Amino acid sequence: MSDSTPQNTAVGPGTPPRLRWPIHLQLLVPMVSVVLLASVLATAITTYWIARRVRNDQSEDLRRVAKTLGEASYPPTQAVLVQMRGYSGAEFVRLVFDRGRPVVIASTLPMEQAWLDDFARIAQSRRADDNAADSAERRIVSLGERDYLVDFVAVSGGSHLTGPSTLFILYPEDRLTSRIHQTIYPAMIAGLIATIIALGVAGWLARRFARPIHTLVAQTATIAQGDFTPMPVAARNDELRDLAESINRMTSQLADHQRQVRHNERLNTLGRLGASMAHQLRNAATGGRMAIELHRRDCPQGDSDESLDVALRQLRLMESYLRQFLSFGQPSPPVRQRVEWTKLIEEVLGLVRPSCVHAGIDLQFSAPAEPLLIEGDPESLRQLVTNLVLNAVDAAVTGAARPPRVFVEVSRLSDSRGLFQVKDTGPGPAASIHDQLFHSFVTTKPDGFGLGLFVASQIAERHGGQLSWRREGETTCFSFEFPIHNANDK
């Protein structure tokens, strides 16, 4: 048993086919074959019909000439026959049979003795056909080197010999063939022109159909190189448009998957590289805070010196940062309890205010007339407030307003909804990240990680609220709309 490999197929993995059969040729060859076959058949049928029509018309002309001369009251003399030749283009031979021998009475052809026997044979065939006694007969006769289409008719008068005479009308076959050629040439040329036009249209259609396929091939190669830019979709609504839209959907899904993979890789890298460092820094900050508290207890300085208070607040803020970093990406069991917003915000502002004083930032807080309660995790909510306030402080420092301002406000929207807002006089987020502001690792700060707003957005969603932002004139406002927990609710 032996195996054979076709010459036009691949012989191994990765080996291209030996014979390439482009799709535009797969479309063009059948179309051209059909067009050529239809054109050839149409031209052949047309030329055959025209040739038959010309020949039949010529036969009818000869029949009418024969009938006219047969019914004429004047004898067809030599002069009359010469004049008739000029009108019809035919040759005329008038014979009379004297005792069975053909005798030429008049002729427009130079006659030879051998030709007379052919005329006698044609005349005898008429007498053998009883049904053709009153009709003209048509024959093809060769006289010398020319063939003639022959009609004949019996005539009388004009001869000293007894008996009726026979008038033969001969039309040259080569002249008839020339007429046929002149008639069918236009039809053949028209058929050729139509074939050329049809071939051009077929080629154009094949290329036009194959062009979108080549575009799809190029798009798949681009996707394979990691470029997930969607391809333009044609306005024509057909299967190729459906295929292009399907490729674009696949491209979008691949782009989303790639972003998710990169996001996960960043989270894993961040967790692996920063966990140990953050843990050590948090331990150092906790140790420093405890040492300051012990020193303050053992060596009280009085109420006039606030330097130790500032140091303690900054260490607590550092611990908050490190706690956020260590808990990022590691969901912990939620602690649900009622939290009073005003008190929580004042605690956070107490940690941030020394930095604002040092940077010359005017930090203001507008508290509601009555306490607003929210049910949730105090640490997560404190982290949300801290991220929004610190983000506003960083933005205000880079703004053009002097002095820079940060305004924090809590208000009641309805009986069941409250609103927490943080406004700053900074320049606002860059236009390039407007739509991705709450995504992870999205930032324009040189030393930023792009995690603060992302973490705040997740915390807001976990507490049944929604985090949004807007630009109001020269200020940027971040809003957290949250559900209010009434005091009489259980």
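Just so you know, these numbers come straight off a predicted model, no measurement behind them.
- Contact between D424 and G426 at its shortest, heavy atoms only, is OD1-N, 2.8 Å.
- T177 places a side-chain N or O within 3.5 Å of a backbone atom of E173 that can act as its donor or acceptor partner.
- Taking each heavy atom of A395 and P427 in turn, the nearest pair found is O-CD, 3.6 Å.
- Side-chain contact annotation: Y171 with R175, donor-acceptor N/O pair under 3.5 Å absent.
- The CE atom of M188 sits 10.5 Å away from atom OG1 of T195, with the distance rounded to the nearest 0.5 Å.
- Interatomic distance, CG of D242 versus CD1 of I247, reported as 11.5 Å (0.5 Å rounding).
- Annotation for Q466: atom CD does not count as buried by contact number, only 12 or fewer foreign heavy atoms lying within 6.0 Å.
- Other residues, nucleotides and ligands contribute over 12 non-hydrogen atoms within 6.0 Å of the CD atom of E245.
- Here the closest heavy-atom approach between residue G226 and residue Q258 is recorded as O-NE2, 4.5 Å.
- Atom NE2 in H181 sits 12.0 Å away from atom CD1 in I50 (nearest 0.5 Å).
- Counting heavy atoms from C-beta on, the side chains of T46 and I184 never come closer than 4.5 Å.
- With contacts defined as side-chain heavy-atom distances shorter than 4.5 Å, the pair V408/Q421 does not qualify.
- Taking both residues in full, the closest heavy atoms of A456 and L388 are given as CB-CD2, 4.4 Å, listed atom of the first, atom of the second, then distance.
- Of all non-hydrogen atoms in R417 and G465, the two that sit nearest each other are NH2-CA, 4.3 Å.
- Side-chain contact between P429 and W469 is present, with at least one heavy-atom pair separated by less than 4.5 Å.
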- Query: Does the side-chain contact (heavy atoms from CB on, under 4.5 Å) test come out yes or no for I484 and R412, once each step is laid out?
  - Reply: CA-CA 9 Å; I484 295 177; R412 177 188 290 269; 3.8 Å; yes
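- Looking at V393 and I361, their side chains come closer than 4.5 Å, going by heavy atoms from C-beta outward.
- Side-chain contact check for Q364 and D362: at least one donor-acceptor pair (N or O, by modelled atom type) lies under 3.5 Å.
- The shortest side-chain heavy-atom distance between L381 and D377 does not fall under the 4.5 Å cut-off.
- Nearest heavy atoms, T476 versus G428: OG1-CA, 3.3 Å.
- With hydrogens and angles left out, the side-chain atoms of R405 and T425 include no donor and acceptor closer than 3.5 Å.
- The CZ atom of F482 sits 10.5 Å away from atom CG of L384, with the distance rounded to the nearest 0.5 Å.
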- Under the side-chain contact (heavy atoms from CB on, under 4.5 Å) criterion, do F365 and E346 qualify, and how do the steps go? CA-CA 8 Å; F365 174 51; E346 288 177 346; 3.9 Å; yes
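- By the 30° and 60° cut-offs, the orientation of the rings of W341 relative to F420 is parallel.
- You'll find the side chain of T342 reaches within 4.5 Å of the side chain of P368, heavy atoms only.
- Side-chain atoms of S479 and R470 include a donor-acceptor pair closer than 3.5 Å.
- The structure places OG1 of T229 at 9.5 Å from CD1 of I223, a figure rounded to the nearest 0.5 Å.
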- Message: Before you tell me yes or no, could you show the steps for V339 and L373 under side-chain contact (heavy atoms from CB on, under 4.5 Å), namely the whole-Å CA-CA distance, both residues' side-chain angles and the distance that decides it to 0.1 Å?
- Response: CA-CA 5 Å; V339 179; L373 299 178; over 6 Å; no
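- In this structure a side-chain-to-backbone donor-acceptor pair under 3.5 Å is missing from E472 to T475.
- Heavy-atom contacts from other residues, nucleotides or ligands closer than 6.0 Å to CZ of R52 number 12 or fewer.
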- Task: Check the pair L453 / L437 against side-chain contact (heavy atoms from CB on, under 4.5 Å), numbers first and verdict last.
- Result: CA-CA 7 Å; L453 294 178; L437 200 58; 3.8 Å; yes
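- Counted within 6.0 Å of CZ on R53, heavy atoms from surrounding residues, nucleotides or ligands total 12 or fewer; the atom is thus considered open.
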- Message: The test is salt bridge (Lys or Arg N to Asp or Glu O under 4.0 Å); show your working for R382 and E379 and say whether it passes.
- Response: CA-CA 5 Å; R382 186 176 290 105; E379 289 299 324; 3.1 Å; yes
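- With T43 contributing its side chain and V40 its backbone, the two residues share no donor-acceptor pair below 3.5 Å.
- At distances below 3.5 Å, not a single donor-acceptor pair connects side-chain atoms of S457 with backbone N or O atoms of F454.
- Using a 4.5 Å heavy-atom cutoff, the side chains of L419 and V410 are not in contact.
- Annotation: D435, atom CG; neighbour count of heavy atoms from other residues, nucleotides and ligands within 6.0 Å does not exceed 12.
- We find the CG-OG distance between L372 and S411 to be 8.0 Å, quoted to the nearest 0.5 Å.
- For the pair E481 and L413, the minimum side-chain heavy-atom distance is below 4.5 Å.
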